[in-house]
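Worksheet: the structure to be examined is printed underneath.
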Amino acid sequence: NTPDDKTDDKDTVKVGDVVNYQLTPEIPSYPKNAVNKTLYITDTMTEGLTFLFDTLEVTLSVNGELADDDDIKLTRTGNNFYWDNKLVATAWRITDTNEEDKGFGLNFVYDTLVIDKENAYAYTPIIEYSALVNDKAVVGKEGNTNETTLYYTNKPNQEGTWEPSERSPFPTEAEDIQSIKDDEIVYTYELAIHKVGEDSVNLADAIFGVYTDPGCTNLIDKIQTNSSGYAVSTKVTAGTYFIKEIEAPDGYSLNKDVFEVKANWKTVTTKNSATVTDFEYTSVKEDAITVQDYWVEQKQVLIET
């Protein structure tokens, strides 16, 4: 999938795929005369996911669903989101120690969301964004997690609205700031092969091609066996693939057989480490898991104030 193609659902992903998210928080209802109208939403991702900051979009909905005639697609200028030149939200980058994007914070101006000022009825923001599955993605039950948090106040008549800053992208949860958390997990698949010679000697430096067709014309990865004879490809999703040796270790003849293999979670029992072309993977593969949907939808619960 790409950030602009969010309809092709998949069960699993591979390194290099883009995962699309839709977050629909049901926002609190603050009194008209409230002095604290904190409404801040964050999403933070583990190191196997790289957040694509430029994909962040916000749409205002009356009924909490997209494709409605009354939907309002906010205009994004830099990190700010506008509706009729009114500031609705400001995005904040959340990065790791290497300055890699690992998520975002969205600080909403609550009053710009209000439809009925007497009853404090407001639009629902629908937030869409994407993340790249990178070469640090975890293979196995642990998966690659993103955690969303909705910060709000249950004391709207005390203190003032919390505002983020570069030094403080997360609120300090105190008596006047509360939060609700949710998370989703993206799982990746892999293929592992073991190259052995006579007397079960492990063979290093054999290079194999991973193909999607039995004729071995559509190459998707090249993998090289390590000192233990193992090689791993994480550039696969669930399905059938074909493996062919394309370079034999020194002193050995090329194996011209084509091997049909399946990427699934029913026969995964090995533990290994391998160098694969430009990527280095360390995998811990365990028993079967229930795979989450590729298209991730998250929804927070209504906050009573």
Side-chain angles (χ1 to χ4, degrees), residues 1-3 5 8-20 46-50 52 100 130-144 186-197 202-250 252-286 288-289 291-292 294:
N1 278 15
T2 65
D5 179 13
D8 184 17
D9 293 355
K10 297 181 180 180
D11 289 333
T12 60
V13 295
K14 61 182 182 297
V15 172
D17 275 355
V18 172
V19 185
N20 303 301
T46 51
E47 65 175 1
L49 297 170
T50 299
L52 303 178
E100 183 178 359
S130 302
L132 176 71
V133 182
N134 63 48
D135 59 351
K136 296 179 182 178
V138 174
V139 178
K141 283 184 176 181
E142 182 180 344
N144 304 277
V186 173
Y187 295 100
T188 59
Y189 272 44
E190 69 176 27
L191 289 176
I193 62 172
H194 188 200
K195 173 77 171 178
V196 295
N202 296 322
L203 297 181
D205 300 324
I207 298 176
F208 290 83
V210 181
Y211 303 85
T212 59
D213 62 305
C216 297
T217 59
N218 186 28
L219 178 70
I220 62 170
D221 200 7
K222 290 182 180 181
I223 56 179
Q224 181 174 334
T225 56
N226 62 12
S227 59
S228 299
Y230 282 102
V232 175
S233 173
T234 61
K235 295 184 178 181
V236 295
T237 56
T240 301
Y241 297 88
F242 300 87
I243 309 295
K244 183 176 75 171
E245 189 173 40
I246 56 180
E247 186 174 329
D250 290 342
Y252 290 83
S253 60
L254 189 69
N255 188 329
K256 297 183 180 180
D257 292 336
V258 175
F259 301 93
E260 180 179 327
V261 295
K262 292 185 178 182
N264 59 52
W265 288 98
K266 295 181 180 178
T267 58
V268 176
T269 57
T270 65
K271 296 182 181 181
N272 57 72
S273 176
T275 299
V276 185
T277 315
D278 297 327
F279 301 101
E280 184 172 293
Y281 301 107
T282 298
S283 62
V284 178
K285 302 178 295 176
E286 299 180 35
I289 60 170
V291 179
Q292 302 292 318
Y294 176 79

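Closest of all the heavy-atom pairs between Asn202 and Gly229 is CB-N, 4.0 Å. Taking both residues in full, the closest heavy atoms of Ala204 and Ser227 are given as CB-CA, 3.9 Å, listed atom of the first, atom of the second, then distance. Across Leu219 and Gly209, no two heavy atoms sit closer than the pair CD1-CA, 3.7 Å. In terms of heavy-atom proximity, Ser233 sits nearest to Asp221 at OG-OD2, 2.7 Å. The two residues Leu203 and Pro249 have their closest heavy-atom pair at CB-CG, 4.3 Å. Across Leu254 and Ile246, no two heavy atoms sit closer than the pair CD1-C, 3.7 Å.
A donor-acceptor pair under 3.5 Å links the side-chain atoms of Asp213 to the main chain of Asn218, judged by distance alone. For the pair His194 (side chain) and Ser228 (backbone), a donor-acceptor distance under 3.5 Å is present. Under a 3.5 Å cut-off, the side chain of Glu245 and the backbone N or O of Asn255 do form a donor-acceptor pair. Proximity of a side-chain donor or acceptor of Asp17 to a complementary backbone N or O of Val133 within less than 3.5 Å is not detected. Between the side chain of Thr225 and the backbone N or O of Ala206 there is at least one donor-acceptor pair closer than 3.5 Å. The backbone N or O of Glu47 lies less than 3.5 Å from a partner atom in the side chain of Asn134, making a donor-acceptor pair.
Between atom CG of residue Asp135 and atom NZ of residue Lys235 there is a gap of 9.5 Å, rounded to the nearest 0.5 Å. Put simply, CD1 on Ile193 and CD1 on Ile223 are 4.0 Å apart, with the number rounded to the nearest 0.5 Å. Rounding to the nearest 0.5 Å gives a distance of 10.5 Å between CZ of Phe242 and OG1 of Thr217. Distance check, rounded to the nearest 0.5 Å: CD of Glu260 to CD1 of Ile243 gives 10.5 Å. In this structure, OG1 on Thr50 lies 3.5 Å from CD on Glu100, to the nearest 0.5 angstrom. For the atom pair CZ (Phe208) and CD (Gln224), the distance works out to 10.5 Å, reported to the nearest 0.5 Å.
When side chains are defined from C-beta on, Ile220 counts as touching Thr212, because their heavy atoms get closer than 4.5 Å.
For Asp257, the CG atom is densely surrounded, since the number of other residues' heavy atoms within 6.0 Å is greater than 12.
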